[in-house]
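Here's the structure, in structure tokens; my notes come after.
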Amino acid sequence: MLKEQRGVLMIVLMLSLTVCAGGCSKAAETPLPETPPTSIPTPAPTSALTSSGVDPFEQNVRLGRGVNLGNALEAPREGEWGVTLKEEYFQLIQDAGFDAVRIPIRWSAHADSAAPYTIEPSFFERVDWAVNQALSRDLLVVLNVHHYEEIMLRPKEHRERFLALWAQIADHYKAYPADLLFEVLNEPNGALTAGAWNSLLKEALQAIRQTNPERNVVVGPANWNSIDGLGSLEFPEDAHVIVTVHYYLPFQFTHQGAEWADGSDAWLGTTWQGTSSETQAVTRDLDRAAAWGKANHRALYVGEFGAYSKADMDSRARWTDFVARQAEERGMSWAYWEFCAGFGVYDPSAHAWNRPILEALLPPAQ
Ligand code: BGC
């Protein structure tokens, strides 16, 4: 999506107090050296899905505390947004004590534009490498379709291609262990309205179920996976679904100075002190999500939350800690946005964790 379009959307979304958190062209991130992977690990499916599959609530507990490997495989080409995945990243994530990674992937940039919309074999190999790096370290993996910008603008035109991408992805990973979860689409928005999304989502689930009858699949609501969107989310009766929401509120705090959020320079200096009105706003939002989950018997995954690096570090750490703990108290799993770019919990140039954020996510044992 063009920055200008994103800007218009931002204003609309801000006015309606919903969360906008994706689907934009990215501005400068600190470029990393382009380092090709040092080794190609062998595919590591360890255990197959059982005949009854894995209970989504149990799996959600194991999904626990995760991190998004953002700005890598969902860039137009890996490396263009400053992040090229390295084996050491998976080791760092495991050693730090995370349970899972979410891997955002722009499949749409690596597949033919005409039927049968074949995904490039070399791209599959690269994604396999990343998935296996995680699984072989006992990290659960949420693999999604991310930044399919065209489908947000012209859903009808891209329906067939989207379903063909899922048919290929699902078939490719059908023998992988249950620790690999699929997520249908990051942050549906724009012309992919709630109605359009609900029907596309049903078809995508059908395509996935042809080859993966019981794998847990993550689905989120329209309107950028916002909590407000949950009320309009519909999908077929399916026992193996985990529902996701993204949380970036207050947006003027978490996205201050973000190059892709028009007008966000005016928000620079916004702090988050953890006052009672600030904390109550968060708990009210998460209570609404939890109530929806309870009423609909669905496990909930906060698949993205984070505050951009232009906010002050104390506020970022306070907000991150508060949101993570509140999610946990309500039985939600989560994945921080993101590992080593603009929101980074890890600083790749210093080869060091961003300690305040890491400790907010994974508090040291008392
Ligand atoms: C988008 C990213 C963005 C983040 C926070 C994600 O869903 O894919 O591009 O940085 O949300 O806005």
Side-chain angles (χ1 to χ4, degrees), residues 30 58-72 83 85-103 133-142 179 244-250 253-254 271-276 278-283 285-286 289-290 299-366:
T30 318
E58 278 170 31
Q59 191 156 31
N60 204 35
V61 172
R62 296 195 47 234
L63 212 46
R65 298 165 156 184
V67 62
N68 277 278
L69 287 167
N71 284 31
V83 181
L85 297 180
K86 296 179 187 176
E87 189 168 344
E88 69 183 75
Y89 294 170
F90 295 87
Q91 195 57 49
L92 283 160
I93 289 168
Q94 183 196 28
D95 291 345
F98 287 101
D99 302 306
V101 289
R102 178 171 179 263
I103 311 182
Q133 286 293 335
L135 292 179
S136 63
R137 291 177 173 82
D138 289 329
L139 294 165
L140 274 71
V141 177
V142 176
D179 282 1
T244 189
V245 289
H246 292 179
Y247 196 71
Y248 288 103
L249 296 180
F253 164 64
T254 65
T271 60
W272 197 85
Q273 301 294 342
T275 63
S276 58
E278 286 172 333
T279 56
Q280 276 167 23
V282 174
T283 54
D285 290 339
L286 294 183
L300 289 175
Y301 171 55
V302 183
E304 289 188 15
F305 72 108
Y308 196 45
S309 51
K310 300 232 172 128
D312 74 279
M313 184 57 82
D314 287 350
S315 293
R316 288 176 71 199
R318 259 193 302 271
W319 180 88
T320 302
D321 173 67
F322 190 72
V323 175
R325 299 294 84 74
Q326 293 298 313
E328 287 166 3
E329 274 181 28
R330 289 162 180 76
M332 300 172 187
S333 58
W334 51 255
Y336 179 70
W337 185 269
E338 32 63 27
F339 179 62
C340 70
F343 294 67
V345 58
Y346 181 76
D347 178 349
S349 48
H351 300 282
W353 288 102
N354 179 343
R355 282 275 150 203
I357 301 296
L358 182 66
E359 287 173 13
L361 292 169
L362 306 176
Q366 301 299 318

Given side-chain contact (heavy atoms from CB on, under 4.5 Å), test Glu329 with Leu286 step by step and report yes or no. CA-CA 10 Å; Glu329 274 181 28; Leu286 294 183; over 6 Å; no
Evaluate side-chain contact (heavy atoms from CB on, under 4.5 Å) for Tyr301 paired with Val142, printing each intermediate quantity in order. CA-CA 11 Å; Tyr301 171 55; Val142 176; 3.6 Å; yes
Let's go through Arg330 and Thr283 carefully: what are the C-alpha distance in whole Å and the side-chain angles of both, what is the deciding distance for side-chain contact (heavy atoms from CB on, under 4.5 Å) to 0.1 Å, and is it a yes or a no? CA-CA 10 Å; Arg330 289 162 180 76; Thr283 54; 3.6 Å; yes
Please report the C-alpha distance between Met313 and Ile357 in whole Å, then the side-chain angles of each, then the deciding distance to 0.1 Å, and finally whether the side-chain contact (heavy atoms from CB on, under 4.5 Å) criterion is met. CA-CA 8 Å; Met313 184 57 82; Ile357 301 296; 4.0 Å; yes
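When all heavy atoms of Tyr336 and Gly306 are compared, the pair lying nearest together is CE1-CA, 3.6 Å. Of all heavy-atom pairs spanning Pro363 and Arg65, the tightest one is CD-NH2, 3.9 Å. Between Arg316 and Ser309 the shortest heavy-atom distance is NH1-CA, 3.5 Å. Of all heavy-atom pairs between Gly70 and Val83, the closest is O-CG2, 3.9 Å. Scanning all heavy atoms of the two residues, the minimum distance from Ala327 to Trp334 falls at CB-CD1, 4.2 Å. Heavy-atom minimum distance, Ala307 versus Phe343: C-CD2, 3.4 Å.
Using the six-membered ring where Trp is involved, Tyr346 and Phe339 have ring planes that are parallel, under 30° apart on the 30 and 60° scheme. Below 30°, between 30° and 60°, or above 60°: for Trp353 and Phe98 the angle between ring planes is between 30° and 60°, a tilted geometry. Note: Trp319 and Phe305 have tilted aromatic rings, judged against thresholds of 30 and 60 degrees for the angle between ring planes.
In summary, the side chains of Gln273 and Thr271 do present a donor paired with an acceptor at a separation below 3.5 Å, with no hydrogens or angles considered.
Every residue meeting the salt bridge (Lys or Arg N to Asp or Glu O under 4.0 Å) condition with Arg325, not counting sequence neighbours, appears here in chain and number order: Asp321, Glu328.
Of the possible donor and acceptor atoms, none in the side chain of Asp179 sits under 3.5 Å from a partner among the backbone N and O of Leu135. Remark: the backbone N or O of Trp272 is paired with a side-chain donor or acceptor of Arg318 at under 3.5 angstrom. A donor-acceptor pair under 3.5 Å is formed between the side chain of Thr254 and the backbone N or O of Tyr248. Although no hydrogens or angles enter the test, the distance criterion places no donor-acceptor pair under 3.5 Å between the side chain of Asn71 and the main chain of Cys340. A side-chain donor-acceptor contact under 3.5 Å links Glu338 to the backbone of Gly342.
Here the straight-line distance linking atom CG of Leu69 with atom CD1 of Ile93 works out to 4.5 Å at 0.5 Å rounding. The OG1 atom of Thr320 sits 12.5 Å away from atom CD of Glu359, with the distance rounded to the nearest 0.5 Å. In this structure, CE on Met332 lies 13.5 Å from CG on Leu63, to the nearest 0.5 angstrom.
Counting only residues at least two apart or on different chains, the side-chain hydrogen bond (donor to acceptor under 3.5 Å, both in side chains) pairs with a member in residues 90-99 are Gln91-Gln94, Gln91-Asp95, Gln91-Arg137.
Residues Val345 and Leu358 are in side-chain contact: their nearest non-hydrogen atoms beyond the backbone lie under 4.5 Å apart.
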